[in-house]
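Beneath this line is the structure, given in structure tokens, with notes to follow.
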Amino acid sequence: MNLVDSSGWLAFLADSANAEKFAEPIQDIGNLLVPSIVIYEVTEVLMREKGADSAIVAQAHLQQGSVVDLTASLACNAALISLQFSLPMADSIILATARKYNAVVWTQDSDFEGREGVIFFPA
């Protein structure tokens with residue numbers, strides 16, 4: 001299973017320098033996990049920077065993967081990960097989700113650099 005974090009989705013959707021690096025896991029819909037926090041972050045950025053139409057198109061693409069809602073159990077695990085690794089809330093939720101489903105995190109967010117189960121590309 002693959003989990004592309006918000007930075008990876010935004011790079012892919014913007015066709016930035018790293019877009020191709022995220023294309024494979026994003027296009028492998030059958031093995032793609034999408035935490036609801038990623039939908040929130042991508043939607044918020046696109047609404048602010050590109051407008052509602054871009055955000056709606058992105059939402060449709062994001063929801064083609066297996067959407068994982070934030071449950072109480074997942075939130076508790078994310079809190080422990082946050083304390084253990086000094087990660088921000090969203091990153092902790094993403095990492096907790098990946099661990100629960102044995103997924104690889106694909107990212108260009110430096111908070112994940114060097115972590116087990118993460119494929120990191122510098123931005």
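All heavy atoms count here, side chains included; hydrogens, waters and symmetry mates do not.
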Exercise for review: Determine whether V118 and V104 make a side-chain contact, defined as any pair of heavy atoms from C-beta on separated by less than 4.5 Å.
Suggested key: no
Check your understanding: Is any side-chain heavy atom of D91 less than 4.5 Å from a side-chain heavy atom of P88?
Key -> yes
Starting at [atom1] of [X], measure out to [atom2] of [Y] and round the result to the nearest 0.5 Å.
{"X": "Q59", "Y": "T43", "atom1": "CD", "atom2": "OG1", "value": "4.0 Å"}
{"X": "I81", "Y": "M89", "atom1": "CD1", "atom2": "CE", "value": "14.0 Å"}
{"X": "L3", "Y": "Y101", "atom1": "CG", "atom2": "OH", "value": "10.5 Å"}
{"X": "R99", "Y": "T97", "atom1": "CZ", "atom2": "OG1", "value": "11.5 Å"}
{"X": "I119", "Y": "E24", "atom1": "CD1", "atom2": "CD", "value": "8.5 Å"}
{"X": "E44", "Y": "I37", "atom1": "CD", "atom2": "CD1", "value": "10.5 Å"}

Taking all non-hydrogen atoms of both residues into account, name the closest pair between [X] and [Y] and its distance.
{"X": "E113", "Y": "F120", "result": "CD-CE2, 3.5 Å"}
{"X": "F12", "Y": "H61", "result": "CE2-CE1, 3.8 Å"}
{"X": "S82", "Y": "L87", "result": "OG-O, 2.7 Å"}
{"X": "A52", "Y": "M47", "result": "CA-SD, 3.5 Å"}

Check your understanding: In the single-linkage hydrophobic clustering (I, L, V, M, F, W, Y; side-chain heavy atoms under 4.5 Å), do L46 and V57 co-cluster?
Key -> no
Review point. Would a hydrophobic clustering, with Ile, Leu, Val, Met, Phe, Trp and Tyr connected at side-chain separations under 4.5 Å, put I56 with V45?
Key: no
Donor-acceptor under 3.5 Å ([X] side chain, [Y] main chain):
{"X": "S16", "Y": "A11", "value": "yes"}
{"X": "W9", "Y": "L62", "value": "no"}
{"X": "T71", "Y": "L74", "value": "yes"}

**Study point:** Greater than 12 external heavy atoms within 6.0 Å of Q84's CD
**Key:** yes
Point to revise | Atom OH of Y40 with >12 non-hydrogen neighbours under 6.0 angstrom | key: no
Point to revise | Side-chain donor-acceptor contact under 3.5 Å, W106 with D5 | key: no
Point to revise | Trace of the side chain to side chain contact (heavy atoms under 4.5 Å, CB included) decision for V68 with V34 | key: CA-CA 6 Å; V68 179; V34 182; over 6 Å; no
Check your understanding: Which residue, N18, T107, D111, D109, forms the side chain to side chain donor-acceptor pair (under 3.5 Å) with S7?
Key -> T107
Point to revise | Derivation and outcome, side chain to side chain contact (heavy atoms under 4.5 Å, CB included), residues L32 and Q64 | key: CA-CA 8 Å; L32 181 63; Q64 288 180 8; over 6 Å; no
Exercise for review: Decide yes or no on side chain to side chain contact (heavy atoms under 4.5 Å, CB included) for D28 and N2, but give the supporting numbers first.
Suggested key: CA-CA 8 Å; D28 185 7; N2 295 301; 4.2 Å; yes
Review point. Are L70 and I93 close enough, and set up right, to give a side chain to side chain contact (heavy atoms under 4.5 Å, CB included), and what steps lead you there?
Key: CA-CA 8 Å; L70 180 60; I93 292 168; 3.9 Å; yes
